[in-house]
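Numbers restart at 1 for each chain; the letters A, B, ... are given by sequence-line order, proteins then strands.
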Amino acid sequence: MHDIKAIRDNPEGFDTGLARRGLAPLSTELLKIDAERRDHMQKLQDAQARRNAASKDIGEAMKAGDKGLAERLKAEMGSIKEFISSGEAVERDINQRLEAALAGIPNIPLDDVPDGKDESGNVEVRRWGKPPGFNYEARQHFDIGEWLGLMDFETAAKISGARFVVMKGQLARLERALAQFMLDLQTGTNGYTEHYVPYLVNDAAVYGTGQLPKFAEDLFKTTDGRWLIPTAEVSLTNLVRERIIDEKDLPLRMTAYTPCFRAEAGAAGRDTRGMIRQHQFSKVEMVSITTPENSRGELERMTGCAESVLQALGLHYRVLRLCTGDMGFGSRMTYDLEVWLPGQNAFREISSCSVCGDFQARRMDARYKPADGKGTRYVHTLNGSGLAVGRTMVAILENYQNADGSVTIPEALRPYMGGVELITRA
RNA sequence: GGAAGGGUGGCCGAGUGGUUUAAGGCACACGCCUGGAACGCGUGCAUACGUGAAAGCGUAUCGAGGGUUCGAAUCCCUCCUCUUCCGCCA
């Protein structure tokens, strides 16, 4: 949610920011509603001030026992009363129009975000590790999983539909092991506090993080009107909704392991085979709540926390700074982590870390009390996956596959796998 | 699902139609006191919007939204939510 005052102060800057996102200028239209709103408010508030003064006089007249004066003053209130009640309705209407207009506008990119139309404009900032280098043609994860007899898309389709999977045995355990491993790393070394959060949330929560009102079709909705979370970001970020936090308690660093549900509308035909793009997947999410001064640095830190998982697992990856055309709705800057998938012979997104500035905080009314004790300011929010469990599993299967079709378990995971070193066909 | 009782500032908590302009306390900030602290004393301390160069002024906000009234934290309606009890239940 954008601050209409900031737009009023610098409409050109706002439109320039929109242009970087490939959007037409909107400031003129917004400021027209804003002017109408302020003009109306002035008239309404004048009327309310007169009413309040008269009410006070009536109260004093009653107290003094002057019924005649009180009745005369009451009679004079008639027309003002009418104006006020219709005026309040008009004010609500204007405010709703302004809010609706603002709610659909994406966040403005930071200055050091590269311009670009789509993912081809993203900039690689670093690479870690090396591809495994097989002396045979690397198989894709679904071939490996199905050959092992532990990954079953057909049965999943029978009971649920496309884009679901059933796993069993050591693969089911690998999913659990990865989640435990990631959580331990983020809560231990990286200092995030583990949370257990709701998977069903209300309209306000999904609005707060920016999925509503524009992206309802990407979500699953329950018959009682709630939403299945598309990421734990929704639940975790909304934990600070309508709160005022002491600056000394910042930053808040929170993590949660949850299932995520995405309708994948508009993704028809993309990644239809395998586990890359599912309606249901699990993810260890990280959310940070910071002061404005610290949010940019926190983005670097958070990205490093996500990277630490891939490094511990020995997976080759690269870090991209997303360009203006590829960033999510609420983001001011995003780093994507792309892991190397030998089976696909390509880097694929496995994590995404974003700083949202006060964009979500304004929608949620999440503020902090600065250390100097004066007033309150909006917090800054950041979110990042640390990491997507299913895609990490894909990466392990493809990077740790052996010529005979078995899969070696990376050392860091073995304690979580009960000491299992190799997954083989039953 | 049924019944009853609640929701007031960062926190606790008073307030049942008109100087409430939301008491009081805690926490916090600043000052005095002190060798330095604690204690004590004093001052300050919600947010949003509008207006103004600023000080200030105005309006709204006591879970949310409607309503009654000249005037609502207070009365009425709807909803949300919490607590307790009953029922059901992993």
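Nearer the 5' end of RNA chain B, as judged by each residue's closest nucleotide, is the contact made by A/Glu60, out of A/Glu60 and A/Tyr378. Between A/Lys56 and A/Asp46, the one whose closest nucleotide on RNA chain B sits nearer the 5' end is A/Lys56.
Whole-Å rounding puts the A/Ile84 CD1 to B/A60 C1' distance at 12 Å. With rounding to whole Å, A/Asp365 atom CG is found 12 Å from B/A64 atom P. Straight-line distance from the CE atom of A/Met41 to the P atom of B/U51: 8 Å, rounded to whole Å. To the nearest angstrom, P of B/U8 lies 13 Å from CD of A/Glu242. In this structure, the CE atom of A/Met1 is 15 Å from the C1' atom of B/C49, given to the nearest Å.
Put simply, the residue from A/Glu293, A/Glu298, A/Glu300 that forms a side chain to side chain donor-acceptor pair (under 3.5 Å) with A/Arg296 is A/Glu300. A salt bridge (Lys or Arg N to Asp or Glu O under 4.0 Å) with A/Glu146 is found for one member of A/Arg273, A/Lys168, A/Arg139 and no other, namely A/Arg273. When each of A/Met1, A/Arg97, A/Arg363 is checked for a side chain to side chain contact (heavy atoms under 4.5 Å, CB included) with A/Leu102, only A/Met1 meets the rule.
Taking the six-membered ring where tryptophan is involved, the planes of A/Phe164 and A/His279 are tilted, since the angle between them lies from 30° to 60°. Using bins of under 30°, 30° to 60° and over 60° for the plane-to-plane angle, the ring pair A/Phe83/A/His40 lands in the tilted bin.
When the C1' atom is compared between B/A64 and B/G56, the two are found 33 Å apart, to the nearest whole Å.
Across all strands shown, B/C70 forms a Watson-Crick or G-U wobble pair, both distances under 3.5 Å, with B/G18. Here B/C79 sits opposite B/G63 as a Watson-Crick or G-U wobble pair (both hydrogen-bonding atom distances under 3.5 Å). Checking B/G58 for Watson-Crick or G-U wobble geometry (two distances, each under 3.5 Å) identifies B/C49 as its partner. Across the strands present, B/C39 finds no partner; the criterion is a Watson-Crick or G-U wobble pair with both atom distances under 3.5 angstrom. Across all strands shown, B/G44 forms a Watson-Crick or G-U wobble pair, both distances under 3.5 Å, with B/C28. Pair assignment for B/C88: none, as no Watson-Crick or G-U wobble contacts are both less than 3.5 Å.
Distances shorter than 4.0 Å separate none of the side-chain N or O atoms of A/Arg50 from OP1 or OP2 on B/G71.
Looking at the side chain of A/Lys5, the nearest of the listed nucleotides B/G58, B/A60, B/C49 is B/C49. Considering only the side chain of A/Gln48, B/U59 comes nearest among B/G18, B/U59, B/G71. Listed nucleotides B/G50, B/A60, B/G66 differ in distance to A/Arg51; the shortest reach to its side chain belongs to B/A60. In this structure, the nucleotide among B/U69, B/U51, B/U59 sitting nearest to the side chain of A/Arg38 is B/U51. Checking B/C70, B/G50, B/U47 against the side-chain heavy atoms of A/Arg37 singles out B/G50 as nearest. In the set B/U21, B/A60, B/G50, the nucleotide with an atom closest to the side chain of A/Gln42 is B/G50.
To the nearest 0.5 angstrom, A/Ile423 atom CD1 is 7.0 Å from A/Leu397 atom CG.
Looking at A/Gln45, its side chain comes within 3.5 Å of the base of B/G58 through a donor and an acceptor atom.
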